[in-house]
Amino acid sequence: MNYIGVIDCNNFFVSCERLFRPDLVGKPVVVLSSNDGCVVARSQEVKDMGVPMGVPIFQIKDMIKDKGIITFSSHFALYRDISSRVFTVVKTLLPTREIYSIDEAFFTISAHSKAELEATLRAMKIEIERQVGIPVSLAVAATKTQAKYANRLAKKSGGVTVLDPADWEALTPMIPLQNIWGVGGKLEMRYKNAGLVTVADLIACPKSRIASMFGIVGVRLQAELAGMPMYAVSEVHAPQKSIMSSRSFEKNVTEIAVVKDAVAYHLRQVVAELRHLRLKTKNLSIFLGTSRHGDYLLRGGSLGVENMTPTDDIVFLLKQAFALVDRLYDAEVPYKKAGVYISGFSPKTVIQQSLFTDTDEVTYSPINDLLDGFNARYGADMVTIGTHTKERKWQSKSEQKSPAYTTRWSDLAVVKT
DNA sequence: TCTGGGGTCCTAGGACCC
DNA sequence: TCTGGGGTCCTAGGACCC
C-alpha cells in the first residue's frame, strides 16, 4: 500500500538551542518570539507544566522564575542552518519528499506490511538523530491531513505512528475536528454550529451540504479525512509568491519619520531577498498596525501600488513606499508595527515591456548594484538608504539570543578535551 | 508596562461593464 | 413617473499554518 507521511522535528527551536548546550537536555527551555514578546517553542518539560503555545511572556514570569525555565530569543539564522542539515539527511532516506516548513516535510512511501513500515520509519528516525542530533517524529496514513494527525500520536508514542485505513476509521469518532490540520478556532465554531464535532461527523455529512456551508475548503477537508488525497506530495518547490518583512515596535510610534525609517528598513530587506532570488516585482504594499489590545485596534491598514513594469530598483520602490506611507499615515494614531509586502514576481532576465510603460518606471539606479556589493561583503543592511533618524527608535529587543554557533566564525562552539 | 513574523489560499464585496 | 441585473475582475481582509 502507498502512504503519505510527515516527518517533523520535535520542539524544533528548543532542540536547536540544545544541540549546542547539551547541559539543557532534560531541563525546561522556551524560545521567545522577536521582541521577546511571547513563547514560540517549548521543551517537553515546559509543555508538561501546562504553558500554552504563544503565551505572552509577562503572563508566565513567575513560573519562569520559580521553575527555573531557561529562555532564549529567536535565532532564525541558526534554525535555518540546522533545518537544512536535517533535510539533507532526509533526502538520502526519502527521495520523494516535499519540504513544508522549517521543521517538517511530507513524503510518500509504500510497504507490504504495517510491521515492515514501522521498522523502516524507526530506522530512519534513529539515523537522522544520529547524524544531526535533532529528535524527529515520523507518521504515515492515507492523506496529508490524516498523516498530520498521526504525527500528533507519534509524539506521544515513541516517535513513529502508522495508521492504515482500518486504524484511522476506528479513530474517527473520537477525534475532535479542532485537532485537525486546517481547522482553526473560527472554523471549529462554524462546524460545531452545524452539528459537526468529530471527524466521523464530517465524513458522514452529505457533500452537497458541506459544499454549500463551507465551500471548497470544506469539501477538500472532507475528502482528505475520508482517505482521498486532495493535496499531492510535490517534490518541486512551488516558486515563492510573495516576500514580506515586518516587525513590531518596542514602543508606540507617532512620528512619521520613524515610521518611514521602519518602512525603509523593511523595504531594504524584501528587495535584498528579491534580488537574491533574481526576481522582479510588480506589487508593492506597506502596512501599519496598531496594538491589538487598545483603542486603536482598527486604525491600522495597508495600501498598495501595482507597477506595469516589474522592478527590483530600491530607489524607485523606496519613493513609492514613502508615498504610500504619506497616504496611509494618520498623525493621531499610535502605531505598533510596520511592514512591507511585495508580490507578482517575474524572473529578472525576462524584460517584460508593457504597452503602457511610463518611461519613468524603467530608470534603474546604479545604487542597487552598489548595495548588493556592500551587503554581500559586510552582511545585510550595513549600508542603509532612506533613513531619516539617527537611532533606530522603532527596533525591537532581542536580549537573550544564543551565539551564532554555525553562521559566524567568532561564535563557533569550542570543543574541550 | 509587556501579546511574533512570514507565508498560502480563499472569499466577500466594490467597481465596472453591458 | 418609471430607475436592472448579471457577469467579471480586483483587492483587502480573513483564516489558517508553522
Side-chain angles (χ1 to χ4, degrees), chain A residues 6 8-13 30-42 52-62 64 71-76 79-80 83 98-106 144-145 148 151 177-191 211 213-221 230-231 234 237-252 262 266 269-270 273 282-287 289-294 297-298 300-306 328 336-345 395-399:
Chain A
V6 58
D8 82 340
C9 305
N10 302 344
N11 320 322
F12 182 56
F13 296 171
V30 294
V31 174
L32 309 178
S33 64
S34 81
N35 218 9
D36 293 344
C38 53
V39 171
V40 294
R42 304 156 295 159
M53 178 69 168
V55 69
I57 198 74
F58 70 88
Q59 283 180 12
I60 58 163
K61 230 166 46 189
D62 294 343
I64 289 174
T71 59
F72 287 94
S73 301
S74 287
H75 191 161
F76 276 95
Y79 310 149
R80 270 193 296 269
S83 169
E98 171 190 341
I99 295 175
Y100 175 67
S101 74
I102 193 165
D103 74 335
E104 72 188 290
F106 290 105
K144 282 184 174 177
T145 307
K148 286 288 286 182
N151 201 44
L177 283 170
Q178 69 192 73
N179 292 350
I180 292 300
W181 184 53
V183 181
K186 293 281 157 63
L187 271 176
E188 182 207 350
M189 280 308 295
R190 285 177 56 204
Y191 282 122
M213 293 187 74
F214 301 99
I216 187 73
V217 178
V219 171
R220 285 181 194 152
L221 182 67
M230 292 288 113
Y231 309 109
S234 114
H237 195 59
Q240 194 172 348
K241 292 178 177 166
S242 63
I243 299 171
M244 175 162 80
S245 176
S246 72
R247 202 123 312 163
S248 298
F249 305 138
E250 191 175 0
K251 299 190 179 108
N252 281 329
H266 294 302
Q269 298 294 308
V270 298
E273 178 67 11
K282 276 181 101 161
N283 303 99
L284 164 70
S285 44
I286 62 144
F287 54 92
T290 53
S291 169
R292 302 207 303 265
H293 311 272
L297 179 62
L298 300 173
S302 72
L303 214 51
V305 283
E306 178 175 358
L328 189 60
K336 192 71 173 79
K337 182 176 184 171
V340 170
Y341 180 88
I342 56 177
S343 63
F345 300 150
Q395 265 198 336
S396 62
K397 55 182 179 194
S398 180
E399 290 171 346

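Chain A is the first sequence line, chain B the second, and so forth, proteins listed ahead of strands; every chain is numbered from 1. Everything numeric here is computed off the predicted structure, so don't read it as measured data.
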Quiz prompt | A/M189 atom CE, neighbour heavy-atom count above 12 within 6.0 Å | solution =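 Not buried by this count: 12 neighbours or fewer within 6.0 Å.
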Self-check item: Sugar-phosphate only, base, or nothing, as touched by A/K61 at under 4.0 Å among non-hydrogen atoms
Solution: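 Answer is base: heavy atoms of A/K61 come under 4.0 Å of a base.
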Exercise. Would you classify A/I57 as touching base, sugar-phosphate or nothing, given that sugar-phosphate means primed atoms plus P, OP1 and OP2, and contacts are heavy atoms under 4.0 Å?
Key: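 Nothing, no nucleic acid heavy atom in range.
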Quiz item: Within less than 4.0 Å of OP1 or OP2 of B/dT3, is there a side-chain N or O belonging to A/S291?
Solution: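 Result: no.
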Quiz prompt | Presence of A/S248 side-chain N/O under 4.0 Å of B/dG5 phosphate oxygens OP1/OP2 | solution =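 For A/S248, the contact criterion (side-chain N or O under 4.0 Å from OP1 or OP2 of B/dG5) is met.
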Just compare [options] and give me whichever is closest to any side-chain atom of [X].
X      : options              : value
A/Y341 : B/dG6, B/dT3, B/dT8  : B/dT8
A/K336 : B/dC9, B/dT3, B/dG7  : B/dT3
A/S245 : B/dG7, B/dG6, B/dT3  : B/dG6
A/Q240 : B/dT3, B/dG5, B/dT8  : B/dT8
A/R220 : B/dG7, B/dG5, B/dC10 : B/dC10

Self-check item: Nucleotide forming a Watson-Crick or wobble pair with C/dA15, both distances under 3.5 Å
Solution: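 C/dA15 is paired with B/dT8.
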Can you check the [X] [atom1] to [N] [atom2] distance for me, whole Å?
X      : N      : atom1 : atom2 : result
A/Y79  : B/dG4  : OH    : P     : 17 Å
A/F287 : C/dT11 : CZ    : P     : 18 Å
A/F345 : B/dG7  : CZ    : C1'   : 11 Å
A/L32  : B/dG4  : CG    : C1'   : 10 Å
A/R80  : B/dG7  : CZ    : P     : 10 Å
A/D36  : B/dC2  : CG    : C1'   : 11 Å
A/H266 : B/dG4  : NE2   : P     : 14 Å

Self-check item: Integer angstrom distance from the P of B/dC2 to that of C/dC18
Solution: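 That atom pair is separated by 30 Å.
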Quiz item: Are the ring centres of A/Y191 and A/F214 closer than 6.0 Å?
Solution: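 Aromatic pair counts; centres sit under 6.0 Å.
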Quiz item: What is the per-nucleotide protein-contact pattern of nucleotides 12-18 of chain C, from the 5' end, where B denotes a base atom under 4.0 Å from a protein heavy atom, S denotes such proximity for sugar-phosphate atoms only, and - denotes neither?
Solution: -S-SSSS
Exercise. Please work out whether the ring planes of A/W181 and A/Y100 are parallel, tilted or perpendicular, with thresholds of 30° and 60°.
Key: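 The rings of A/W181 and A/Y100 stand perpendicular, inter-plane angle above 60°.
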Self-check item: Given DNA chain B, 5'-ward residue of the pair A/M244 and A/M53, judged by closest heavy atom
Solution: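 Counting from the 5' end, the first nearest nucleotide belongs to A/M53.
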Quiz item: Any Lys/Arg nitrogen of A/K336 or A/E250 sitting under 4.0 Å from an Asp/Glu carboxylate oxygen of the other?
Solution: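 The answer is no: the pair does not qualify as a salt bridge.
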